[in-house]
Amino acid sequence: MPLNLSYDEICARFDRLISNGIINYQPNKPVLVVDGGMTFSFHLVEYLKSKPQAKDASEIKSSLTQGVNTQRASFGPGSDIANEHPDICITTVNDTHYLVINKFPVFRPMLLLLTVDSYQRQHEPLVLEDIEAAWSAICGLKDEHYVFFNCTVLAGSSREHKHLQVIPAPGKREGYDEGFKFFPDDDTALKTGPSFVHFLQRFEDSAGCVENGEHLLDIYQCLLHQAREALGLLTEDVPCPHNFILTRGWMMVIPRRAKEFHGITANSAGMMGSIYIWNHDQLNAWKDVGPMKVLAGLGLPRGD
């Protein structure tokens with residue numbers, strides 16, 4: 001069910017959190033780079049350097065076993081995501097997820113969907129409740145947004161508490177250049193597609209053809225199965241590192257084999273060409289290696 005959200009109030013909360021010093025946000029002007037027929041949008045955001053990274057798996061297991069929560073205030077006893085101000089949490093979605101404001105935003109605003117069960121983990125695949133919450137957010141927000149999920153540290157996750165990210169979609173809006181589109185929406189992009197293996201399912205008539213959450217879950221599980229096969233993961237007991245992207249018009253799953261390639265990393269947005277960096281050295285590294293080559297190194301090169 002779509003959320004009944006006031007987008008203006010969400011933005012007002014976002015601005016209050018900036019004023020209170022809870023989040024650090026500065027508008028950034030993207031740098032566009034074209035490589036191999038695909039357009040890349042680089043967003044230089046210096047404060048991302050202070051973003052915390054996921055702990056080693058053994059540390060997480062030890063902390064949970066001992067019931068230790070290292071955050072002064074978080075979203076539950078199993079959570080490693082800080083909850084430092086009442087305005088951070090916007091609402092509860094379907095009684096299964098919290099919709100909260102991301103403390104490390106690249107766009108105004110950026111949101112997270114956190115599982116109410118704080119012991120659910122980022123290496124676990126999406127389930128029906130995750131898909132339904134994501135679709136509720138997409139359908140309930142003013143202007144177009146997309147949702148992404150970084151499954152495992154290899155796929156770019158930085159926190160262990162299971163969460164999806166809700167991001168303004170490319171278009172004529174703050175933070176994007178009008179010349180940038182995700183490659184499935186870009187008629188001028190290379191017709192053969194990007195350099196990495198990806199599994200895409202378009203919706204025939206945008207939201208009109210999505211019958212319910214079960215329908216979306218079936219699509220996801222089919223795409224995830226293809227990703228598992230591509231990575232050679234034959235048993236469901238082994239986590240499948242992948243990036244998940246959901247828009248009003250399509251869903252994509254990207255198998256991941258590496259967190260870094262030549263010292264360069266990317267999350268789901270980065271695999272779509274929307275790349276978050278915190279200094280010019282990182283931009284130069286991407287240019288030196290070549291964005292298409294980086295994405296093929298992080299995922300699976302097409303043809304392999």
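Worth knowing before you read on, the calculation uses all heavy atoms, side chains too, and leaves out hydrogens, waters and symmetry mates. Numbers for residues simply follow the sequence, beginning at 1.
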With under 30° as parallel and over 60° as perpendicular, where do the rings of [X] and [Y] fit, or are they tilted in between?
X: Tyr220; Y: His242; value: tilted
X: Phe75; Y: Tyr98; value: tilted
X: Phe180; Y: Phe182; value: perpendicular

Decide if the gap between the ring center of [X] and the ring center of [Y] is smaller than 6.0 angstrom.
X: Phe107; Y: His43; value: yes
X: His145; Y: Tyr7; value: yes
X: Phe14; Y: Tyr25; value: yes

Got a sec, which residues hit salt bridge (Lys or Arg N to Asp or Glu O under 4.0 Å) with [X], two or more places apart in sequence or on another chain?
X: Glu178; value: none
X: Asp15; value: Arg108
X: Arg173; value: none

(Q) Before you tell me yes or no, could you show the steps for Ile254 and Phe196 under side-chain contact (heavy atoms from CB on, under 4.5 Å), namely the whole-Å CA-CA distance, both residues' side-chain angles and the distance that decides it to 0.1 Å? (A) CA-CA 8 Å; Ile254 303 168; Phe196 56 89; 3.7 Å; yes

Interatomic spacing from [atom1] in [X] to [atom2] in [Y] - rounded to 0.5 Å:
X: Leu114; Y: Cys89; atom1: CG; atom2: SG; value: 8.0 Å
X: Arg13; Y: Leu111; atom1: CZ; atom2: CG; value: 10.5 Å
X: Arg256; Y: Asn150; atom1: CZ; atom2: CG; value: 7.5 Å
X: Asn267; Y: Ser274; atom1: CG; atom2: OG; value: 8.0 Å

(Q) Please determine whether a side-chain nitrogen of the Lys or Arg among Glu174 and Lys29 lies less than 4.0 Å from a carboxylate oxygen of the Asp or Glu. (A)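 So Glu174 does not pair with Lys29 through a salt bridge.
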
Q: Provide the full list of salt bridge (Lys or Arg N to Asp or Glu O under 4.0 Å) pairs with a residue in residues 215-224, sequence neighbours left out, each pair given once.
A: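 The answer is none; no pair qualifies.
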
Show me the donor-acceptor pairs within less than 3.5 Å that the side chains of residues 221-241 make with the rest of the protein, sequence neighbours left out.
from	atom 1	to	atom 2	distance (Å)
His225	NE2	Glu229	OE2	3.2
Arg228	NH1	Val238	O	3.1
Arg228	NH2	Thr235	O	2.2
Arg228	NH2	Val238	O	2.8
Thr235	OG1	Asp237	N	3.2

Donor-acceptor contacts under 3.5 Å from residues 286-296 side chains, at least two apart:
none

Q. What's the shortest heavy-atom distance between Pro125 and Lys162, and which atoms?
A. O-NZ, 2.8 Å

Can you tell me if [X] and [Y] form a side-chain donor-acceptor pair at under 3.5 Å?
X: His163; Y: Gln122; answer: yes
X: His161; Y: Thr115; answer: yes
X: Glu46; Y: Asn279; answer: no

Q.
Can you confirm whether Asp143 is buried at CG, in the sense that more than 12 heavy atoms of other residues, nucleotides or ligands lie under 6.0 Å from that atom?
A. yes

**Q.** Beyond-backbone contact of Trp278 with Tyr47, side-chain heavy atoms, under 4.5 angstrom
**A.**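 Sidechains of Tyr47 and Trp278: no contact.
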
